[in-house]
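First comes the structure, then the notes that go with it.
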Protein chains: 2
Amino acid sequence: MSPARTTSGAPVSSIGRGIAVLACFTSRAHALTLSELSAASKLPMSSTHRVVAELVTGGFLVRGQDKRYRIGTRLWSIAQLAPVSEQLRERALPTLARLYEETGENITLAVLDRGQALYVDRLVGERSVPIVSRSGGHLPLHTTGVGKVLLAYQPKESIEKYLGRRLERPTPYSIADPVKLEKELAEVRTNGYSVTRQEMTPGTGSVAVPIVRKGRTIAAVGVVAHLARLDVNRLVATLQQAAASIAKELDDH
Amino acid sequence: MSPARTTSGAPVSSIGRGIAVLACFTSRAHALTLSELSAASKLPMSSTHRVVAELVTGGFLVRGQDKRYRIGTRLWSIAQLAPVSEQLRERALPTLARLYEETGENITLAVLDRGQALYVDRLVGERSVPIVSRSGGHLPLHTTGVGKVLLAYQPKESIEKYLGRRLERPTPYSIADPVKLEKELAEVRTNGYSVTRQEMTPGTGSVAVPIVRKGRTIAAVGVVAHLARLDVNRLVATLQQAAASIAKELDDH
DNA sequence: ATGGACTATTCCGGATAACGGAAGAGACTT
DNA sequence: AAGTCTCTTCCGTTATCCGGAATAGTCCAT
């Protein structure tokens, strides 16, 4: 029996297996047992056992006293050197902090990543509504404020490619119709900001603006708040100021 | 010639090699060429080439148009699920934001990791002094405010073990003498906070307090500011309030 | 206690996929 | 055109990874 190729679509190289094991954490809880990892990665138990052991000795995984494995600080520490972290998050953080203090609402910062909105950071307002986004997590482009902004300023082909997909509708208010969505994106471009109302979470709305550098939209900042408190005009002004401040911070190196 | 074991102390398993390559980024810039990686990881060029290629297909590395490799968003995204990120940083962030707005100075949050202070987050004050710490980076325990706090509340054996080490002195003000340092730590315990003055960076001082959960010091928050602006009493009060707020946030789940 | 269901760990023979030296291909400088 | 880089491909060897199977440990119900 060929050891590397199990019947179902499984990892390829040794390193690929390691990555596959680590990737299990993205869709699950932050602590997994060996058998959960084996099931999620679709690797045999004995293989999982070995791979996990190697990841532990490398400091990429840690096993708790509860026999569950967690992401190790070594991995986390290395990841902080990713451009998205070191060159965007770090520099935007003070501005996000100010934004948070000014509004008291949830603040999100996202970039485009593989056809989804990747949340680079978020500040969860204690006195604001609970939100589904999470640092490091992905959400659809067409159901989130930051997502719409990121999509709207993409090249035309990319947009059409996205519109051609089968778009999910988390709520009845989600805009999944390509024609309506395209109209919405055009509006975003003329306005310079996006608004969502209950398109991701009932009772919740959001406003977002692009962060532009050298003419290119590299990220988006947004506010997520209770629908009733969504004072669009005021928020847009505050956000645009913040976006400019972040862009300046990035340019200043 | 045995393929796995080169003469010098080199990685062991295939996954180990992958980790070794990724670890190169910690001590260097955020973008490295293939030959730099080969040199830093002490792997032959051809091996490095293969390992890097596997990491790229796995999304853990990305090669820029400048032929330099950077940490990929996939790795970063997974790392955000580390307990230190998801269970500490995220929950402390709003409080750190408030702290930042109140003081206008550099705010740091750190945990103990392998005998060093691991900076979980930092907010760099624009109108404050530049600081050496960096999210994901490590600094010595005895030359930083947060470090001293983290060390002071360790079990006695751990402290003695640390004092037995050869301690570095980044500045002439750094306290490297075990006896003096032990006295300093005792003071930290009685006061409930630590102070540093030019022990890491000339002209800069810091104040830090522990974040206590279930009687254990799990992290430390600190302020790093210009020596002349280091109003210890006021900062300690503000920090202790923040630390309590973070502890509460952690307990509330 | 006994058994069963589960998870985790160790063993081991077989063959694959990882290994790295060597040579080739670019790119850029002298 | 020769030289010096860095990067990429090739390829024979075999060490290392593979995963089934058996063992050990854990927990719960009977």
Check your understanding: Counting only non-hydrogen atoms, which of residues 47-63 of chain A are less than 4.0 Å from DNA chain C?
Key -> A/His49, A/Arg63
Identify, with sequence neighbours excluded, every residue that meets side-chain hydrogen bond (donor to acceptor under 3.5 Å, both in side chains) alongside [X].
X	value
A/Lys248	A/Asp252
B/Ser46	none
A/Ser128	A/Glu105, A/Asn106
A/Arg189	none

Review point. Does a salt bridge link A/Arg89 with B/Asp121, judged by any charged N lying under 4.0 Å from a carboxylate O?
Key: yes
**Study point:** Residues forming a side chain to side chain contact (heavy atoms under 4.5 Å, CB included) with A/Ala247, sequence neighbours excluded
**Key:** A/Ile211
Point to revise | side chain to side chain contact (heavy atoms under 4.5 Å, CB included) involving A/His138 - partner list, sequence neighbours excluded | key: A/Asp113, A/Gln116, A/Leu118, B/Ser77
Specify the separation, in whole Å, of atom [atom1] of [X] and atom [atom2] of [N].
X	N	atom1	atom2	value
B/Ile15	D/dC17	CD1	C1'	10 Å
A/Glu36	C/dA8	CD	P	8 Å
B/Met45	D/dC5	CE	C1'	10 Å
B/Leu32	D/dT6	CG	P	14 Å

Practice item. Only pairs at least two apart or in different chains count here, so list each side-chain hydrogen bond (donor to acceptor under 3.5 Å, both in side chains) that has a residue in residues 149-164 of chain A. Key: A/His142-A/Tyr162
Review point. Checking all strands, does B/Ser46 fall into the base, sugar-phosphate, or nothing category for heavy-atom contacts under 4.0 angstrom?
Key: base
Practice item. Check every strand shown and say whether A/Ser35 touches a base, only sugar-phosphate, or nothing at a heavy-atom separation below 4.0 Å. Key: sugar-phosphate
Show me the donor-acceptor pairs, under 3.5 Å and distance only, between side chains in residues 164-171 of chain A and residues at least two apart or in other chains.
unit_1: A/Arg169; atom_1: NE; unit_2: A/Ser174; atom_2: O; d: 3.1
unit_1: A/Arg169; atom_1: NH2; unit_2: A/Pro172; atom_2: O; d: 2.7
unit_1: A/Arg169; atom_1: NH2; unit_2: A/Ser174; atom_2: O; d: 3.2
unit_1: A/Thr171; atom_1: OG1; unit_2: A/Tyr173; atom_2: N; d: 3.1
unit_1: A/Thr171; atom_1: OG1; unit_2: A/Ser174; atom_2: N; d: 3.4
unit_1: A/Thr171; atom_1: OG1; unit_2: A/Ser174; atom_2: OG; d: 3.3
unit_1: A/Thr171; atom_1: OG1; unit_2: A/Gln198; atom_2: O; d: 2.5

Study note, to complete from the structure: Residues pairing under salt bridge (charged side-chain N to carboxylate O under 4.0 Å, His left out) where one sits in residues 47-66 of chain B, two or more places apart or in two chains, turn out to be B/Asp66-B/Arg70
Practice item. Kindly say if A/Arg17 contacts the phosphate of D/dG19, meaning a side-chain N or O under 4.0 Å from OP1 or OP2. Key: yes
Practice item. Would you indicate which nucleotide in D/dG20, C/dG20, D/dC7 comes nearest to any side-chain atom of B/Leu34? Key: D/dC7
Review point. Angle, rounded to 10°, between the helical axes spanning five pairs at each terminus of the helix from C/dA1-D/dT30 to C/dT30-D/dA1?
Key: 30°
Check your understanding: Side chains of A/Leu32 and A/Cys24: does their closest heavy-atom pair fall under 4.5 Å?
Key -> yes
Review point. Starting at the 5' end of DNA chain C and moving along, which residue's nearest nucleotide shows up first, A/Ser14 or A/Tyr69?
Key: A/Tyr69
Review point. Reading nucleotides 24-30 of chain C from the 5' end, what letters show protein touch, with B for base, S for backbone sugar-phosphate only, - for no heavy atom under 4.0 Å?
Key: -------
